[in-house]
Amino acid sequence: MADTVAITLTVNGVERQADVEPRTLLVHFLREALGLTGTHVGCDTSQCGACAVSVGGVVVKSCTLLAVQADRAEVTTIEGLARDGQLDPVQQAFWDVHALQCGFCTPGMVMATHELLAHSPQPTDAEIRHGLEGNYCRCTGYHNIVRAVRLAAEKLAERESTAAAG
Amino acid sequence: MEQYFGKAVKRVEDPRFLTGSGQYTDDLSLPRMAHVAMVRTPFAHARIRRIDTAQALEHPGVVAVITGQALRDANIGSIPPGWLLPDIKTPPHYAIAVDRVRHAGEIVAAVIAESRAIAEDAALLVDVEYEMLPAVSLGSAALASGAPAVHDEAIENVCFRWSIGDQAAVDAEFDRAAKTVKLSLRNSRLAPNAIEPRASLAQYVRASDELTLWTTSQNPHIHRLILAAFVLGIPEHKLRVISPDVGGGFGSKIFQYPEEVIVLYAARKLNRPVKWTARRTESFVSDSHGRDHESEAELAADDEGHVLALRVKTIANLGAYLTLFGPVVPTYLYGTLMNGPYRFRAIHCAVTGVFTHTAPVDALRGAGRPEATYLLERMMDRMAQELGQDPAELRRKNFIQPDAFPYQTPVALVYDSGNYEPALDKALTTLDYKRAREAQAALRKEGRYLGIGFSTYLEACGLAPSSLVGSLGAQAGQWESALVRVMPTGKVEVFTGAHSHGQGHETAFAQIVADDLQIPMDDVVIVHGDTAKVPFGWGSYGSRSAAVGASALKMALNKIRDKAAGIAAHLLEAAPEDVEMTGGQLHVKGVPERGKSFSDIALQAHLAHNLPEGMEPGLEATHFYDPKNFVYPFGTHVAVVEVDPETGRVTLQRYVAVDDCGPLINPMIAEGQVHGGIAHGVGQALLEHALYDEQGQFVAGSFLEYAMPRADDLPLFEIDHTVTPSPHNPLGVKGIGETGTIASTAAVANAVIDALGPFGITHLDMPFTAENVWRAIQGGKKAVA
């Protein structure tokens with residue numbers, strides 16, 4: 001068996017320690033070692049975006065990163081977004097406007113939407129489409145995904161203003 | 001009670017997908033599970049001289065290496081096609097090649113190891129000595145004399161020659177026609193690319209000698225039937241097939257694939273679970289492809305533009321092997337659709353199915369019908385152009401009129417219903433057609449090239465009356481099953497033979513149940529995708545889930561309602577015909593205050609303390625629904641594109657779609673199906689091409705080379721609908737899963753050709769990439785000059 005490297009990282013708020021082969025991709029570590037199978041693998045050339053997760057606050061394609069590169073990082077996956085059984089505003093917006101069908105690209109789309117809205121809280125449709133060009137969907141024609149991102153932006157803005165007012 | 005049918009109910013399946021709790025095949029993991037990596041030939045055509053597995057077997061962590069010979073020695077059979085045509089050649093299709101490989105990506109060995117990484121490492125150590133042979137990848141090239149033979153038994157690489165229609169009648173119409181137009185058209189090959197790659201996991205239980213296969217299937221019962229009875233040679237009840245959440249199919253997950261055979265064989269042989277998951281690069285060369293036609297088409301019309309006859313000759317590239325529906329897609333799902341929504345006097349369509357050294361070609365979203373629609377709608381536009389008529393008005397004047405149904409076409413189908421003009425009018429209004437043409441003319445003066453393209457498509461779907469498809473060569477029925485099981489508490493489990501891989505059956509089917517039994521949707525669960533739970537059914541493809549699957553459900557619900565009414569009548573001391581169901585209560589007509597709720601009745605049915613004499617206890621019904629005809633959705637799609645003459649880049653500016661799929665069970669889900677369908681068809685027109693070179697090398701083998709539509713390639717779609725119910729099924733519903741794809745490729749193509757009119761271009765083959773369009777403009781400029 002190949003040599004392994006010890007890593008420690010925080011995934012969805014829980015500290016994890018593991019010995020991994022140096023060549024292990026982060027996505028395989030999440031899926032196989034931690035059983036977090038919500039992060040999907042749709043290609044092997046970093047095109048489809050189904051594997052997007054947040055590492056250190058930046059959404060990345062976890063098939064492009066080695067697990068050892070995430071050592072000491074804070075990682076958030078799709079499983080870490082909902083709080084107390086409540087969907088987060090992006091998840092909720094995707095549900096509200098039917099922005100998913102088979103569901104396979106969805107975790108990556110939701111993560112990519114978080115990244116997009118972090119940089120551009122009130123995006124135009126063109127900015128939304130540009131921001132999601134790293135994620136493939138074969139089911140929706142992106143139509144309702146664009147609508148969901150708009151809706152999520154509104155909801156997040158409302159939440160911000162409520163928080164500010166409060 | 002709340003009425004659910006027709007309401008945009010949010011999907012019940014979504015929370016699990018949105019939280020990462022969906023369960024796709026690759027998400028499953030079993031104790032002692034081994035992993036497979038396939039060794040695939042890099043050559044399109046070669047003789048296998050020798051396979052040396054010794055080094056791979058010595059690699060630490062490798063459990064076994066399986067070759068084609070091992071499967072043959074174990075009497076593992078060939079994977080059979082599911083549809084036969086007269087004089088068709090059906091050469092065997094073994095899961096692993098034995099002595100010859102016939103397309104790049106065909107499996108020559110399977111390495112099984114403790115981990116996927118080890119299996120992939122060891123796969124590189126399998127030493128295969130090939131003797132390269134000449135290959136052919138294009139259908140017409142395979143028919144040329146001296147072309148390399150794909151199968152020794154298929155002379156000149158012909159798998160079948162098939163035709164439909166009256167050739168003499170067509171010739172007579174052409175003789176008297178005032179106008180004829182002719183086009184040579186290529187319908188490009190596509191890779192399906194569901195975002196979930198195919199995956200299969202097999203488990204063997206020695207004690208009961210039973211196999212379980214979790215696999216990415218659109219139709220688990222077909223998988224069980226074929227893999228058990230035809231390939232493994234075991235009784236069907238020894239194989240359970242489960243298709244958990246499936247991440248899109250689009251036709252590519254209908255078929256029984258070599259990898260499924262391999263994991264089943266290996267799990268039994270090794271007595272441990274065995275899993276395989278495709279890498280995307282494997283998907284490209286091993287998923288069944290779609291389309292790939294070369295056609296010659298001629299259209300005849302009178303001097304006013306009334307179409308008279310259509311003559312079509314098509315070479316359909318079938319790839320190296322026949323898969324399940326390979327023979328039917330370019331024949332009965334293609335030639336019969338040549339009539340579209342128009343009044344033709346005669347049509348003749350001749351198809352030659354050809355083997356080549358390429359991946360098998362089979363159903364892909366629309367399956368034959370997009371190919372037919374593309375050809376017919378291109379021909380209608382070409383005729384409009386030739387006659388100097390407006391393409392929308394040429395179509396309108398040829399529509400079958402609403403009083404002409406049922407309508408017998410010259411190519412076998414009997415359309416049951418239709419009303420085509422309202423959809424066209426709605427689309428023209430949404431677009432503001434007059435204004436769009438004015439804008440086009442104004443912009444041309446500024447050197448900008450807009451194009452407007454139409455597709456007034458018609459689709460036959462809801463596969464299909466079993467006796468009809470049987471008479472045409474199907475080795476299958478096409479009915480569907482539904483089992484409704486009411487529990488003592490009044491909660492309802494529904495088992496449907498239809499399969500959802502994104503279509504939202506768990507929601508739409510539950511809406512139907514909740515309405516019929518007047519119970520909350522939360523009291524209903526829809527179960528699909530498991531042969532151990534669901535009665536035999538044929539699965540989902542050909543836009544059949546609503547028209548056939550939901551019809552089966554409706555009929556089963558009728559039986560439940562009848563029995564419930566009988567129990568209620570007994571308890572209320574009334575005649576069953578006097579009992580009605582309103583406000584969630586079964587009561588005597590006009591006496592709603594003295595009623596029984598559905599859950600009361602369910603409990604009484606199970607307690608059986610006081611049932612009508614002779615009535616069986618329990619409350620459960622199964623229905624096998626065989627449709628009387630296809631259903632015939634139709635509509636008008638319009639694309640507006642702009643072509644940049646300097647770069648050749650095509651931008652899709654607007655897309656208007658008006659579809660008629662009858663009453664909408666859930667308009668939100670139906671619209672979603674249209675959106676995705678449009679994107680798929682636009683992808684073919686503008687971007688996608690599963691291209692082989694002349695030596696049979698696949699040159700678009702990853703997402704780096706194969707361009708699928710991304711979010712920034714598409715506009716928001718402008719969607720509307722009309723409602724013309726199907727007269728022959730209990731819900732009046734028609735299919736909506738494929739209309740978008742069937743219509744959109746032609747609409748976009750016609751728009752691009754319309755934009756290129758000023759350059760003297762009357763036809764161009766897809767995809768309309770910047771390079772292809774730019775080259776055409778350069779050639780056109782010379783021609784015009």
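Throughout, protein chains are lettered first and strands after them, A, B, ... in sequence-line order, and every chain is numbered starting at 1. Computed from a predicted structure; not experimentally measured.
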Checklist entry - Quick check: are there more than 12 heavy atoms from other residues, nucleotides or ligands sitting under 6.0 Å from NE2 of A/His130? => result no
Item to check | Residue, of B/Ser21, B/Gly683, B/Gly672, that accumulates the most heavy atom pairs under 4.5 Å with chain A | outcome: B/Gly672
Checklist entry - Are the charged groups of B/Arg16 and B/Glu506 less than 4.0 angstrom apart, N to O? => result yes
Item to check | Minimum heavy-atom distance between B/Ser286 and B/Arg40, given as atom pair plus value | outcome: CB-NH1, 3.4 Å
Next on the checklist: Between A/Asp19 and A/Thr4, does the side chain to side chain donor-acceptor pair (under 3.5 Å) criterion hold? Intermediate values first, please.
Outcome noted: CA-CA 6 Å; A/Asp19 295 322; A/Thr4 58; 4.8 Å; no
Next on the checklist: Need one label for B/Gln673: side chain, backbone, both or neither, based on atoms under 4.5 Å from any heavy atom in chain A.
Outcome noted: both
Checklist outcome for this item: The interface call for A/His40 against chain B, heavy-atom contacts under 4.5 Å, is side chain
Checklist entry - By a 4.5 Å heavy-atom criterion (distance strictly below it), what part of B/Ala117 contacts chain A: side chain, backbone, both, or neither? => result both
Item to check | A/Glu32/B/Arg116 ion pair, N-O < 4.0 Å | outcome: no
Next on the checklist: Less than 4.5 Å to any heavy atom of chain A: does that hold for the side chain of B/Asn666, its backbone, both, or neither?
Outcome noted: neither
Checklist entry - If you count heavy-atom pairs under 4.5 Å with chain A, which of B/Ala8, B/Ser115, B/Pro15 comes out on top? => result B/Pro15
Item to check | Proximal component of A/Val41, with respect to chain B [non-hydrogen, under 4.5 Å] | outcome: backbone
Checklist entry - For B/Thr281, is it the side chain, the backbone, both, or neither that has a heavy atom closer than 4.5 Å to a heavy atom of chain A? => result both
Checklist outcome for this item: In terms of heavy-atom pairs under 4.5 Å with chain A, the winner among B/Asp245, B/Asp26, B/Ile719, B/Val246 is B/Asp26
Checklist entry - Taking all non-hydrogen atoms of both residues, which atom of A/Cys63 and which atom of A/Ser46 are closest, and how far apart? => result SG-OG, 3.4 Å
Checklist outcome for this item: If you tally heavy-atom pairs under 4.5 Å between each of A/Arg147, A/Arg31, A/Glu79, A/Met109 and chain B, the highest tally belongs to A/Arg31
Item to check | Under 4.5 Å from any heavy atom of chain A - which part of B/Arg365 | outcome: side chain
Item to check | Heavy atoms from other residues, nucleotides or ligands near NZ of B/Lys10 exceed 12 (cutoff 6.0 Å) | outcome: yes
Item to check | Per-residue contact mode, A/Asp125 against chain B (heavy atom under 4.5 angstrom) | outcome: side chain
Checklist outcome for this item: Whatever's closer than 4.5 Å to a heavy atom in chain A on B/Val674 counts as neither
Checklist entry - For B/Leu704, is it the side chain, the backbone, both or neither that has a heavy atom under 4.5 Å from a heavy atom of chain A? => result both
Checklist outcome for this item: Looking only at B/Ile669, B/Asp713, B/Thr19, B/Val682, most heavy-atom pairs under 4.5 Å shared with chain A are made by B/Thr19
Checklist entry - With respect to chain A, which residue among B/Arg11, B/Gln503, B/Met668, B/His501 yields the maximal number of heavy-atom pairs within a distance under 4.5 Å? => result B/Arg11
Checklist entry - Of the backbone (N, CA, C, O) and the side chain (C-beta and beyond), which part of B/Asp27 lies under 4.5 Å from a heavy atom of chain A, both, or neither? => result both
Item to check | Structural part of B/Tyr24 lying under 4.5 Å from a heavy atom of chain A | outcome: side chain
